[in-house]
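Some notes on the structure that comes next.
If you're wondering where the values come from, they're calculated on a predicted model, not measured in any experiment. Values below: every heavy atom of this structure, side chains too, minus hydrogens, waters and symmetry copies.
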Amino acid sequence: MGFGKAFTEELKSQTDIVKIISEYVPLRKKGKNYLANCPFHTEKTPSFNVNPVMQIFHCFGCSVGGDVFGFIRRIESCDFWQAVRIVAEKMGVPVPEVEKVDDRQLTQEREDLLQINAWATNFFQTQLFEGVEGKRALDYFEQRGLTKETIELFRLGYAPDKWDALSSYLRSQGASQKQIERSGMVVLKEQGNGFYDRFRGRCIFPITDTQSRVIAFGGRILDSGEPKYLNSPETPIYTKGRNLFGLSYAKEAIRKQKFVILVEGYLDFVVPFQAGIQNIVASLGTALTEQQVKLLGRYLETPQIVVNFDPDNAGIAATKRSLEILLEYGYKVNVLSWSDGEDPDTFIRKNGATQYRQLLKKSQPYIDYILTQAMREHDISRPAGKVETLNSILPFLSKMRDKIERATYAEQIADRLKIEGRVIREELKRAAVGKLPQLDIGKVAPAIRVLPAEKQLLKILFFDESLRYSMLPLLKNELFKDLATESIFTALVSLIKSNKEVDFTTLCAEIEPNRLAQSEKIISEIMVEIDSLSNLSEDELISYAQEAFNALKRLQIEQQLVRLQGEINEAQRDGNNSELTELSLKKFALAQEMKQLLGK
């Protein structure tokens, strides 16, 4: 007894024949195919071909060929069902327990459900073009810019707003009530005494498999109500997460273009396709799955994808989830996004396919997109905020397979975030090269906490009014930029310039609300200890203030040198010699200033 045709077909659709055969034979890529010496006869010149798109093999020397099961049967000298089990184990697909059901019965059920879906598709199309209610749906499609040819190509339709319109039609075609129930086209009433049509008052989008057979439906409501979109439930011919909307139409364009665009919604696929952008698929509103990623890979020589989800919060979250699984499977991933909040459907109707293609060429490498999002989500004006930003990026950076590429991107990320602290930069590079999910907080903590020099200078300036005014010319923004106490120094300088009293209340009043909580803690801690300065002479206070100032000045120069080195690296990458010379001179001048501070 076998596993049933349903299981073997599903397994075959998920299997990568190149991966399986390469475990037995060393394959070499040549054009669209893979080539090797045939394992079934002796030869010096390779004539054994594997086609990853058709998922078949053939030897032009001995004329042996077939699918992945045929290869395993020959190489392992086993029967068909043993071959199925071997392939399933290699692909990590659970083998179902053999049921005592005639395989022909399962096959017949699948064929019956495909027929019911074909009848339903015809019914929905007829209702769209000829039904009393269909005019509203047709107007909706036309408002979304769809032509009659596009509507017919994708077999779009309309489900009347009636309880049993479709089920009555299906029965008239010969479908039994049990078959209709199994198809998912009806829903059991709450009282449990009968069924009603699942799709009512909705525009219908048929979902097809790679062989263009309708296996499920998606429906968009025309009036107000929830849910806005409704999909078929899982059935013996449809499993969520194993299909991609539009793939049967797009697969040839994907092969030719050698990359695919991934969108979310039905119209996000249909409108671009109509406009000539046809290497595109939609994820059917679910989080991208392993099965979908593997399925796409069958049509790509080198897995390349551009993710173009909606730019709202839900779309950003879906993009991040998709990136994780795409990177796991070795895809080269770019992200296309824009700032005006429009989905791909709306953007193309408003701006046209030409402008969309131009943006497509400028799509960001995924790590740039992740960095941009992280910079929006965290306060990168604070050292701690930069560390939080880096920790949100590292899980994605670690997905890069090449160690050198990870190290290079780590440098570029540090440059873009203007991270000047040597400790954080070195820890970032170590984490990136080592594929660590976050920075070692123990190592970066000294770079984000309040430094002794900060506390010392602030304590003296809080305590001594005359020193506040004499040191004012030295208290420039550059001195305390990116320090944990930056907002406190800024508030203090503002009070001094305004000749206002300096105390806890006046300082807090000058600080931005988003930084106030942390600043209050620092100010109170320093002011509690301020009486410890009472026994110091004026000269001692000046000496301690100068000592703290010099420490902060040295730190400032160190950070400027790191930032300059980042700009120098970027100028070298860009081949900008004039800028390189200018930056090198600035670096030399800063190095000389540092020597003077150190007394060398």
Open item on the list: Check whether Tyr299 reaches the backbone of Ala250 with its side chain - one donor and one acceptor, N or O, closer than 3.5 Å.
Closed with: no
Task: Between Arg171 and Gln177, a side-chain donor and acceptor under 3.5 Å - done: yes
TODO: Is it possible for you to check whether Lys148 lies under 6.0 Å from the centre of the six-membered ring of Phe129, through NZ or CZ, and within 45° of that ring's axis?
DONE: yes
TODO: Specify the closest pair of heavy atoms between Thr235 and Ser183, including all atoms of both residues, with the distance to one decimal.
DONE: CG2-O, 3.5 Å
Task: Any donor-acceptor N/O pair, Gln292 side chain to Thr289 backbone, under 3.5 Å - done: yes
Open item on the list: Taking atom CG as the centre, does Asp402 end up with more than 12 heavy-atom neighbours from other residues, nucleotides or ligands that are less than 6.0 angstrom away?
Closed with: yes
TODO: Please test Gln179 against Gln115 for side chain to side chain contact (heavy atoms under 4.5 Å, CB included), starting from the C-alpha separation and ending with a verdict.
DONE: CA-CA 10 Å; Gln179 288 173 331; Gln115 180 60 67; over 6 Å; no
Task: Spacing of Ile277 atom CD1 and Ile261 atom CD1 [to the nearest 0.5 Å] - done: 6.0 Å
Task: Check: Ala253 main-chain N/O paired with Asn279 side-chain donor or acceptor under 3.5 Å - done: no
Open item on the list: Looking at Arg110 and Pro236, would you say the former's side chain and the latter's main chain have a donor-acceptor pair under 3.5 Å?
Closed with: yes
Task: Gap between atom CD1 of Ile393 and atom OG of Ser398 - 0.5 Å precision - done: 12.0 Å
Task: Lys135, NZ: over 12 other non-hydrogen atoms inside 6.0 angstrom - done: no
TODO: Please determine which of Lys399, Lys294, Arg401 meets the salt bridge (charged side-chain N to carboxylate O under 4.0 Å, His left out) test together with Glu328.
DONE: Lys399
Task: Evaluation steps, ring-ring contact (aromatic ring centres under 6.0 Å, His included), between Phe154 and Phe205 - done: CA-CA 8 Å; Phe154 295 110; Phe205 298 83; 9.3 Å; no
Task: Whether Tyr24 and Phe71 hold their rings parallel, tilted or perpendicular, with breakpoints at 30° and 60° - done: perpendicular
Open item on the list: Donor-acceptor pair, distance only, cut-off 3.5 Å: does the side chain of Glu264 make one with the backbone of Gly315?
Closed with: no
TODO: Using modelled atom types only, decide if a donor and an acceptor are shared between the side chain of Gln364 and the backbone of Val335 within a distance under 3.5 Å.
DONE: no
TODO: Establish, yes or no, whether a centroid distance under 6.0 Å links the rings of Phe124 and Phe217.
DONE: yes
Open item on the list: Give me the atom names and distance for the closest heavy-atom approach of Asp197 to Leu166.
Closed with: OD2-N, 2.7 Å
Task: Atom CZ of Arg349: over 12 foreign heavy atoms under 6.0 Å - done: yes
Task: Exam field: side chain Arg220 to backbone Cys203, donor-acceptor pair closer than 3.5 Å - done: no
Open item on the list: Phe347 vs Leu336, test: side chain to side chain contact (heavy atoms under 4.5 Å, CB included). Steps then yes/no.
Closed with: CA-CA 12 Å; Phe347 182 91; Leu336 175 59; over 6 Å; no
TODO: Using the side-chain hydrogen bond (donor to acceptor under 3.5 Å, both in side chains) rule, pick out the option among Arg144, Gln143, Arg136 that qualifies with Tyr140.
DONE: Arg144
Open item on the list: As a test of understanding, state which of Phe269, Phe273, Tyr229 forms a ring pair (Phe, Tyr, Trp, His ring centres under 6.0 Å) with Phe245.
Closed with: Phe269
Open item on the list: Once rounded to the nearest 0.5 Å, what's the spacing between atom CD of Glu10 and atom OG1 of Thr15?
Closed with: 10.0 Å
TODO: Enter the distance from Lys251:NZ to Ser212:OG here, rounded to the nearest 0.5 Å.
DONE: 5.5 Å
Open item on the list: Taking Ser232's backbone N and O only, do any of them form a donor-acceptor pair with Arg198's side chain (distance below 3.5 Å, no angle check)?
Closed with: no
- [ ] Could you pull out the closest heavy-atom pair between Ser283 and Phe309, with the gap in Å?
- [x] OG-CZ, 4.1 Å
TODO: On the 0 to 90° scale, with breaks at 30° and 60°, tag the His58-Phe60 ring pair as parallel, tilted or perpendicular.
DONE: perpendicular
TODO: Evaluate whether atom NZ of Lys435 has more than 12 neighbouring non-hydrogen atoms of other residues, nucleotides or ligands under 6.0 angstrom away.
DONE: yes
TODO: Identify the two heavy atoms, one from Asn308 and one from Tyr356, that lie closest to each other, and give their separation to 0.1 Å.
DONE: OD1-OH, 2.7 Å
- [ ] Look only at the side chain of Asn51 and the backbone of Ile56, and say whether a donor-acceptor pair between them is shorter than 3.5 Å.
- [x] no
Open item on the list: Centre-to-centre under 6.0 Å for Phe48 and Phe57, is that the case here?
Closed with: yes
- [ ] Taking all non-hydrogen atoms of both residues into account, name the closest pair between Glu152 and Gln125 and its distance.
- [x] O-NE2, 4.2 Å
Task: Closest non-hydrogen atom pair between Leu27 and Ala36, with its separation - done: CD2-CB, 3.7 Å
Open item on the list: Please determine whether a side-chain nitrogen of the Lys or Arg among Glu252 and Arg255 lies less than 4.0 Å from a carboxylate oxygen of the Asp or Glu.
Closed with: yes
- [ ] Before giving the answer on side chain to side chain contact (heavy atoms under 4.5 Å, CB included), spell out for Asp161 and Leu222 the whole-Å C-alpha distance, their side-chain angles and the decisive distance to 0.1 Å.
- [x] CA-CA 10 Å; Asp161 194 10; Leu222 278 179; over 6 Å; no
- [ ] Verify side chain to side chain donor-acceptor pair (under 3.5 Å) between Tyr238 and Asn231, making sure each step is shown before the conclusion.
- [x] CA-CA 11 Å; Tyr238 172 65; Asn231 290 336; 5.1 Å; no
Open item on the list: Set out, in order, the CA-CA distance, both residues' side-chain angles and the distance that settles salt bridge (charged side-chain N to carboxylate O under 4.0 Å, His left out) for Glu405 and Lys332, then state yes or no.
Closed with: CA-CA 13 Å; Glu405 188 178 16; Lys332 178 184 177 184; over 6 Å; no
